[in-house]
Amino acid sequence: MTGFLSEDVRELLLSRIKDVPDYPKPGVMFKDITPLLADPKAFAALTETLVRLAERYGATKIVGLEARGFILAAPVAVQAGIGFVPVRKAGKLPGATLAQSYELEYGTAEIEVHAEDLAAGDRVMVIDDVLATGGTAEASLSLIRRAGAEVAGVAVLMELSFLPGRAKLAGALGEAPLDALIVV
């Protein structure tokens with residue numbers, strides 16, 4: 001899971017993730033990545049690590065999940081020299097889209113991608129900041145496949161091991177790898 005990440009880089013990333021207790025509600029320990037993003041050395045190390053994963057996966061496109069996934073995925077795509085495709089909340093993209101709904105704790109949500117941005121032959125790496133319950137990531141894998149593309153892999157900065165995200169994604173991943181840089 002973290003064999004591609006040196007201990008020095010892991011410690012650097014961890015040192016820049018701030019715990020915010022009781023946010024957004026009492027009892028929740030929010031993992032704030034904005035200090036990591038503000039540190040050019042840490043952000044560059046994260047980007048370089050994700051670029052190496054994109055190369056390992058043989059990715060030809062990078063999908064970033066709204067919203068923090070955009071911040072992590074876009075520089076990876078630029079540095080790797082491949083396309084970036086945003087997966088947005090429903091109603092945020094103009095034109096023809098593919099939509100996928102998924103279950104939340106209390107209700108449902110929907111994400112979309114531009115229909116023409118992914119196609120047969122694309123090998124798509126999904127990037128997000130946190131893997132928690134896995135609902136958004138699982139829905140993104142369905143969108144990628146419905147567009148005719150192949151899932152090359154999923155990479156997250158942080159996996160919350162006390163939540164069922166990895167187990168939820170197991171079936172949807174197929175043969176594609178799931179890599180978490182940090183597991184908490």
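Starting from 1, each residue takes its place in the sequence as its number.
For K18 and D32, the salt-bridge test fails: no basic side-chain N is under 4.0 Å from an acidic carboxylate O. K89 has no carboxylate O lying under 4.0 Å from a charged side-chain N of E110, or vice versa, which leaves the two without a salt bridge. Salt bridge present: E138 and K168 bring a charged side-chain N and a carboxylate O closer than 4.0 Å. Salt bridge annotation for D19-K31: present, with a cationic side-chain nitrogen under 4.0 angstrom from a carboxylate oxygen.
Both L163 and M158 are members of a single hydrophobic cluster when ILVMFWY side chains are connected at heavy-atom separations under 4.5 Å. No chain of hydrophobic side-chain contacts below 4.5 Å, direct or via other Ile, Leu, Val, Met, Phe, Trp or Tyr residues, connects L12 to L36. The hydrophobic cluster containing V28 does not contain I17, counting ILVMFWY residues as joined when their side-chain heavy atoms lie under 4.5 angstrom apart, directly or transitively. The hydrophobic clustering, which links ILVMFWY residues whose side-chain heavy atoms are closer than 4.5 Å, places L14 and L37 together.
Atom OH of Y23 has 12 or fewer neighbouring heavy atoms from other residues, nucleotides or ligands inside a 6.0 Å radius.
Of all the heavy atoms in G64 and F70, the pair that sits closest is O-CE2, 3.3 Å. Minimum interatomic distance between S140 and V126 (heavy atoms only, all atoms of both residues): OG-CG1, 3.9 Å. Contact between A152 and P177 at its shortest, heavy atoms only, is O-CD, 3.2 Å. Between P86 and V113, the shortest heavy-atom distance links the atoms O-CG2, 3.9 Å. Of all non-hydrogen atoms in L53 and A155, the two that sit nearest each other are CD1-CB, 3.9 Å.
Proximity of a side-chain donor or acceptor of T108 to a complementary backbone N or O of S101 within less than 3.5 Å is not detected. A donor-acceptor contact shorter than 3.5 Å is absent between the side chain of Y102 and the backbone of A137.
Residues meeting the salt bridge (charged side-chain N to carboxylate O under 4.0 Å, His left out) test with E150, sequence neighbours left out: R123. Every residue meeting the side chain to side chain contact (heavy atoms under 4.5 Å, CB included) condition with E7, not counting sequence neighbours, appears here in chain and number order: R10, E11.
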>> Go through it in stages, so that I can follow the logic: the residues are I62 and I82, the test is side-chain contact (heavy atoms from CB on, under 4.5 Å), and I'd like the CA-CA distance, side-chain angles, deciding distance and then a yes or no.
In response: CA-CA 7 Å; I62 301 286; I82 58 181; 3.6 Å; yes
>> Applying side-chain contact (heavy atoms from CB on, under 4.5 Å) to L72 and L46, what does each step give before you reach the verdict?
In response: CA-CA 8 Å; L72 304 184; L46 171 59; 3.6 Å; yes
> Is there a side-chain contact (heavy atoms from CB on, under 4.5 Å) between L143 and L118 once you walk through the steps?
Replying inline: CA-CA 9 Å; L143 278 178; L118 298 172; 6.0 Å; no
>> Let's go through M125 and V154 carefully: what are the C-alpha distance in whole Å and the side-chain angles of both, what is the deciding distance for side-chain contact (heavy atoms from CB on, under 4.5 Å) to 0.1 Å, and is it a yes or a no?
In response: CA-CA 6 Å; M125 175 181 180; V154 176; over 6 Å; no
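For the pair L13 and L157, the minimum side-chain heavy-atom distance is below 4.5 Å. Using a 4.5 Å heavy-atom threshold, the side chains of V156 and I127 count as separate. Under the 4.5 Å side-chain criterion, counting only non-hydrogen atoms from C-beta, E112 is not in contact with V87. Counting heavy atoms from C-beta outward, Q79 and V51 have side chains that approach closer than 4.5 Å. Counting heavy atoms from C-beta on, the side chains of D179 and L5 never come closer than 4.5 Å. At a threshold of 4.5 Å between non-hydrogen side-chain atoms, the residues V76 and V78 do not count as touching. Counting heavy atoms from C-beta outward, T60 and V124 have side chains that stay 4.5 Å or more apart. Residues L181 and T49 meet the side-chain proximity criterion, which asks for heavy atoms closer than 4.5 Å.
The NE2 atom of H114 sits 4.5 Å away from atom CG of L93, with the distance rounded to the nearest 0.5 Å. Atom CD1 of I71 is separated from atom CD1 of I33 by 6.0 Å, given to the nearest 0.5 angstrom. One finds the CG atom of L131 at 5.0 Å from the CD atom of E159 (value rounded to the nearest 0.5 Å). A distance of 8.5 Å separates CG in L173 from CZ in R166, rounded to the nearest 0.5 Å. In this structure, CG in D117 is found 9.5 Å from CG in D122, a value given to the nearest 0.5 Å. Atom CD1 of I111 sits about 8.0 Å away from atom OG of S142, to the nearest 0.5 Å.
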